[in-house]
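Okay, so here's the structure we're looking at.
Computed from a prediction, not measured in an experiment: that's the story for all the values here. Residue numbers begin at 1 in each chain, while the letters A, B, ... track the order of the sequences.
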Amino acid sequence: MHRTLFNDLVELCRILERTRSRTEKIALLVRFLDKLGEDEVIPAVRILSGKLLPEYSSRSLEVGITLIRRVLRTLPDRGLILEHRPMTILEVYELLNRIAKACGEGSRKRKERLLTALLTRLSNTEREYVLRSIFGEMRIGVSTGLLLEAIARLTGSSIECVKRAYMYTPDIGELASIAKINGIDGLRRTTLSLFRPIRPMLAEICYSIREALRELGSIVAFEYKYDGVRIQVHKKNKKVRIYTRRLSDITEGIPELVEIVLDNIKCDEIILDGELVGYIDNKPVRFQDLMRRFRREKLSKDLGSMNLLPYFFDVLYYNGRVLTDISYENRWGILEKVVDEGILANRIVTKDMNAAKDFLKRAEEEGHEGLMAKRLDSIYTPGVRAKTWLKIKKAITIDLVIVGAEWGHGRRSRWLSNYYLAVWNDSNDEFLVVGKTFKGLTDEEFEEMTKRLLKLKVGETERVIWVKPKIVVEVAFNEVQRSPKYKSGYALRFARITRIRYDKSPEEVTTLRELGRIYEEQFKRKARLNK
DNA sequence: GTAGAGAATCTTC
DNA sequence: TTCTGACAGATTCGG
DNA sequence: CCGAATCTGTCAGAAGAAGATTCTCTAC
């Protein structure tokens with residue numbers, strides 16, 4: 001059997017990193033995949049894509065930045081190594097797997113030793129790419145999209161065929177392997193089956209009802225967008241399994257949900273897509289609190305009163321039939337018949353803007369995130385962010401001042417691109433950080449912001465340039481969270497800069513008190529936990 | 001030897 | 001989770 | 001009518017927050 005050197009893979013990565021053209025990257029990938037031995041495809045593709053373990057795997061590497069730093073410090077100088085036999089892809093992959101397998105007492109040490117053993121046998125360049133792969137960030141401009149194209153070219157099949165196959169294959173390495181060994185037929189044979197979770201379909205963001213109606217056609221389905229955790233439920237008679245968005249099985253942690261499914265769904269075989277929400281006293285809990293309850297092994301007292309409730313909004317499989325290719329409207333028809341109303345997502349179908357607006361208002365008043373808008377004739381595309389599903393959720397904006405910044409990485413390494421945002425604490429005459437953001441500015445603005453910030457520099461700790469609070473920005477966010485980390489006690493969820501406020505001075509930014517008020521206001525709609 | 005604190009990592013959004 | 005930018009193909013514009 | 005300019009879809013990559021679990025370390 002053909003054995004490819006790990007260094008060949010690293011060379012490919014280096015070339016890919018330098019290559020800008022996508023078509024050329026694909027050609028390079030095809031040539032490489034073509035030369036690999038059949039048993040090398042999974043390891044090579046997993047390393048190349050920075051996804052060393054498939055999503056559904058219950059194992060994880062548990063190698064982070066700290067461990068790597070420690071290993072790198074103690075690594076013997078490359079010049080002293082006696083063994084020069086280069087490693088093959090399979091050998092590298094095997095060692096990585098052994099690192100992932102280590103668990104229990106002393107496992108951190110074992111992982112460290114194994115990683116040291118691996119890196120010791122690699123050249124400096126090889127080390128770099130192994131580490132990138134461990135981190136899951138290859139930064140070679142190749143991810144699933146281009147790999148799928150490459151697989152299509154490799155087998156001579158259409159990109160649609162490969163994408164379809166990928167929807168039902170949880171791991172791109174396995175897909176490449178199927179393509180390599182079984183060709184087009186193998187790809188065509190992949191399909192949805194019970195207790196093999198698939199990646200859920202994703203939605204694009206949209207800013208208004210008007211936009212949604214314009215994008216999706218004259219008549220549109222609007223569903224409540226619940227603020228919870230995405231779940232995929234597989235049921236066959238009395239057997240029920242529940243999976244997350246990243247395909248891990250969380251059935252054991254939420255037995256009450258299994259009961260709900262068995263009690264409220266009347267059919268033999270089904271796969272459902274939905275959202276799991278926490279309730280206390282008929283009010284939904286904040287996401288932060290749901291996390292405390294969600295797949296937790298032992299419950300503390302205050303969480304005992306939290307009910308978990310699923311809302312299903314799609315059906316992908318029903319009594320032996322795969323439904324992903326039939327229309328949303330037809331799928332809903334089946335869903336409606338099989339699933340009790342109480343655990344069905346709240347929905348209307350309308351072409352009337354005002355009806356939709358009222359519906360959005362109701363969703364928000366009931367403490368939910370917003371609405372989903374869906375095209376009636378759309379098919380279900382697993383793992384794909386489709387423009388046939390749009391999410392509409394409200395954002396709040398406030399003005400904050402930048403008090404610190406960090407240098408970026410990769411294409412942003414020349415800029416201060418990550419900003420500490422602060423409110424004004426009027427009772428103590430100080431600025432207090434309420435979170436960081438790196439989102440919202442254009443390259444040009446980063447360039448300018450970097451210059452302005454450097455002029456305001458007042459100090460520097462390890463990674464942060466602290467600046468005089470002068471620059472005010474308008475920041476959008478979705479929720480105020482309680483923060484154990486920041487002195488202010490608050491943190492913003494999904495903060496992003498929407499505008500640089502040249503016209504505002506730091507004295508005019510939002511105060512701690514005002515932010516506190518926004519925080520409190522959330523409890524008009526959301527349940528409060530004693531914490 | 002063990003309890004509890006702390007660090008590191010992972011997972012959800 | 002959100003956001004911006006690059007590439008590639010499709011479409012429109014100007015002479 | 002043809003090449004250039006502009007638009008559009010898709011992909012990649014930049015990083016945020018909290019909370020739970022697991023392992024390690026420290027104090028007794």
Side-chain angles (χ1 to χ4, degrees), chain A residues 19-26 49-50 53 55 58-70 102-111 136-149 159 163 202-205 226-231 244-248 250 253 275-276 286-298 300 369 384-387 391 393 395 406 408-413 415 417-421 434-446 475-486 490-498 531:
Chain A
T19 307
R20 308 202 72 175
S21 155
R22 287 184 183 187
T23 26
E24 208 170 311
K25 280 179 197 272
I26 293 165
S49 60
L53 297 161
E55 282 187 311
S58 54
R59 284 184 296 140
S60 57
L61 270 181
E62 281 171 77
V63 172
I65 182 77
T66 318
L67 181 61
I68 287 174
R69 284 220 185 100
R70 195 157 55 230
C103 66
E105 202 174 323
S107 61
R108 300 269 157 91
K109 277 266 149 56
R110 280 204 303 285
K111 282 176 196 285
E137 289 179 357
M138 294 306 286
R139 301 180 192 197
I140 53 175
V142 171
S143 192
T144 43
L146 297 195
L147 275 166
L148 293 178
E149 292 270 0
I159 183 66
K163 282 187 170 166
L202 306 170
E204 285 199 348
I205 206 151
Y226 299 93
D227 189 11
V229 174
R230 189 87 177 260
I231 46 167
T244 65
R245 187 159 120 71
R246 294 207 163 67
L247 315 186
S248 57
I250 50 159
E275 188 88 1
L276 181 64
R286 297 168 309 159
F287 178 74
Q288 211 175 357
D289 293 324
L290 179 62
M291 278 297 101
R292 293 173 55 210
R293 171 64 184 77
F294 175 67
R295 68 174 179 180
R296 187 184 168 136
E297 284 178 355
K298 285 182 195 131
S300 64
E369 248 192 319
V384 175
R385 196 175 297 285
K387 48 185 179 309
K391 51 183 160 186
K393 48 182 184 174
E406 280 171 22
H409 297 95
R411 64 188 304 274
R412 293 187 178 175
S413 49
W415 302 320
S417 61
N418 198 354
Y419 308 122
Y420 286 79
L421 306 166
V434 293
K436 287 164 78 183
T437 191
F438 55 92
K439 289 186 280 236
L441 297 193
T442 62
D443 285 7
E444 218 175 312
E445 287 169 323
F446 276 128
V475 174
F477 60 95
N478 293 72
E479 191 181 53
V480 186
Q481 295 168 283
R482 194 93 245 196
S483 172
K485 183 166 125 192
Y486 294 119
Y490 299 112
L492 306 180
R493 176 139 86 129
F494 309 136
R496 61 268 188 192
I497 296 174
T498 42
K531 200 202 169 187

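- Nearest nucleotide to the A:Glu62 side chain, out of B:dT12, D:dA20, B:dT9: B:dT9.
- Within the nucleic acid shown, A:Asp443 comes within 4.0 Å of sugar-phosphate atoms alone, with no base atom in reach, counting heavy atoms only.
- For A:Ser21, whose side chain is taken as the heavy atoms from C-beta onward, the closest listed nucleotide among D:dA18, C:dA8, C:dT4 is C:dA8.
- The phosphate of D:dA17 has neither OP1 nor OP2 within less than 4.0 Å of any side-chain N or O from A:Gln288.
- The same atom, P, is picked in C:dT2 and in B:dT9; the two are 27 Å apart, to the nearest Å.
- Distances from the side chain of A:Met291 to the nucleotides D:dG19, C:dT2, D:dC23 place D:dG19 closest.
- Across the protein-nucleic acid pair, A:Phe477 atom CZ and D:dA18 atom P stand 14 Å apart, rounded to whole Å.
- Here the CD1-OG1 distance, from A:Ile231 to A:Thr244, works out to 10.5 Å after rounding to the nearest 0.5 Å.
- Distance A:Glu275 CD to B:dC13 C1': 9 Å, rounded to the nearest Å.
- Comparing A:Ser58 and A:Arg70 by the nucleotide of DNA chain B that holds the closest heavy atom to each, the one mapping nearer the 5' end is A:Arg70.
- Taking every heavy atom of both residues into account, A:Asp227 and A:Glu275 meet most closely at C-OE2, 4.2 Å.
- For D:dG16, the OP1/OP2 oxygens have no side-chain nitrogen or oxygen of A:Lys485 closer than 4.0 Å.
- At a non-hydrogen distance threshold of 4.0 Å, A:Arg493, A:Phe494 from residues 490-498 of chain A come into contact with DNA chain B.
- For A:Thr23 and C:dA8, the shortest distance from a side-chain N or O to OP1 or OP2 is below 4.0 Å.
- A:Lys111 places a side-chain N or O within donor-acceptor distance of the main-chain N or O of A:Leu61, the cut-off being under 3.5 Å.
- At the phosphate of B:dA7, neither OP1 nor OP2 sits under 4.0 Å from any side-chain N or O atom of A:Thr66.
- In this entry the distance linking CZ of A:Arg286 with P of B:dC13 reads 17 Å, nearest Å.
- Spacing between atom CG of A:Leu61 and atom C1' of D:dT22 amounts to 15 Å, rounded to whole angstrom units.
- A:Lys25 comes within 4.0 angstrom of nothing in the nucleic acid, heavy atoms only.
- Residue A:Leu492 comes nearest to A:Val475 through the heavy atom pair CD1-CG1, 4.2 Å, listed as atom of the first residue, atom of the second, then distance.
- Look at A:Arg293 and you won't find any side-chain N or O under 4.0 angstrom from OP1 or OP2 of D:dG19.
- Nucleic acid contact for A:Lys111: none, since no nucleic acid atom lies under 4.0 Å from a heavy atom of the residue.
- Protein atom CG of A:Leu202 is 11 Å distant from nucleotide atom P of C:dT2, rounded to whole Å.
- The residue A:Thr437 sits apart from the nucleic acid: no heavy atom pair falls under 4.0 Å.
- Position along DNA chain B of the nearest nucleotide to A:Ser60 versus A:Arg108 favours A:Arg108 as the more 5'-ward residue.
- Atom CG in A:Leu247 sits about 14 Å away from atom C1' in B:dT12, given to the nearest Å.
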Given the rule in the side chain to side chain contact (heavy atoms under 4.5 Å, CB included) test, do A:Val229 and A:Phe287 qualify, once you have shown the distances and angles that lead to the verdict? CA-CA 8 Å; A:Val229 174; A:Phe287 178 74; 4.2 Å; yes
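- A distance of 12.0 Å separates CD in A:Glu369 from OH in A:Tyr226, rounded to the nearest 0.5 Å.
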B/S/- along nucleotides 7-15 of chain D (protein heavy atoms under 4.0 Å) is ---BBSSBB
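- Using atom P as the reference point in both C:dT4 and B:dA7, the two lie 36 Å apart (nearest Å).
- For the pair A:Arg482 and A:Tyr490, the cation-pi test (distance below 6.0 Å, angle within 45°) is passed.
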Enumerate, atom names and distances included, each donor-acceptor pair closer than 3.5 Å involving a side-chain atom of residues 102-110 of chain A, sequence neighbours excluded.
| unit_1 | atom_1 | unit_2 | atom_2 | d |
| --- | --- | --- | --- | --- |
| A:Ser107 | OG | A:Gly104 | O | 2.7 |
| A:Arg110 | NH1 | A:Glu105 | O | 3.4 |
| A:Arg110 | NH2 | A:Cys103 | O | 3.0 |

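- Side-chain proximity of A:Val229 to the nucleotides D:dA20, B:dC10, B:dT12 is greatest for B:dT12.
- The CG atom of A:Leu290 sits 12 Å away from the P atom of D:dG19 (whole-angstrom rounding).
- Whole-Å rounding puts the A:Ile26 CD1 to C:dA8 C1' distance at 10 Å.
- A side-chain donor-acceptor contact under 3.5 Å links A:Lys25 to the backbone of A:Ile140.
- For A:Arg246, whose side chain is taken as the heavy atoms from C-beta onward, the closest listed nucleotide among B:dC13, C:dC3, D:dT24 is B:dC13.
- Using cut-offs of 30° and 60° for the angle between ring planes, the A:Phe446 and A:Tyr419 rings count as tilted.
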Salt bridge (Lys or Arg N to Asp or Glu O under 4.0 Å) for A:Glu406 and A:Lys436? Distances and angles first, verdict last. CA-CA 10 Å; A:Glu406 280 171 22; A:Lys436 287 164 78 183; 3.2 Å; yes
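- Sequence order on DNA chain C of the closest nucleotides to A:Phe446 and A:Glu24 puts A:Phe446 first from the 5' end.
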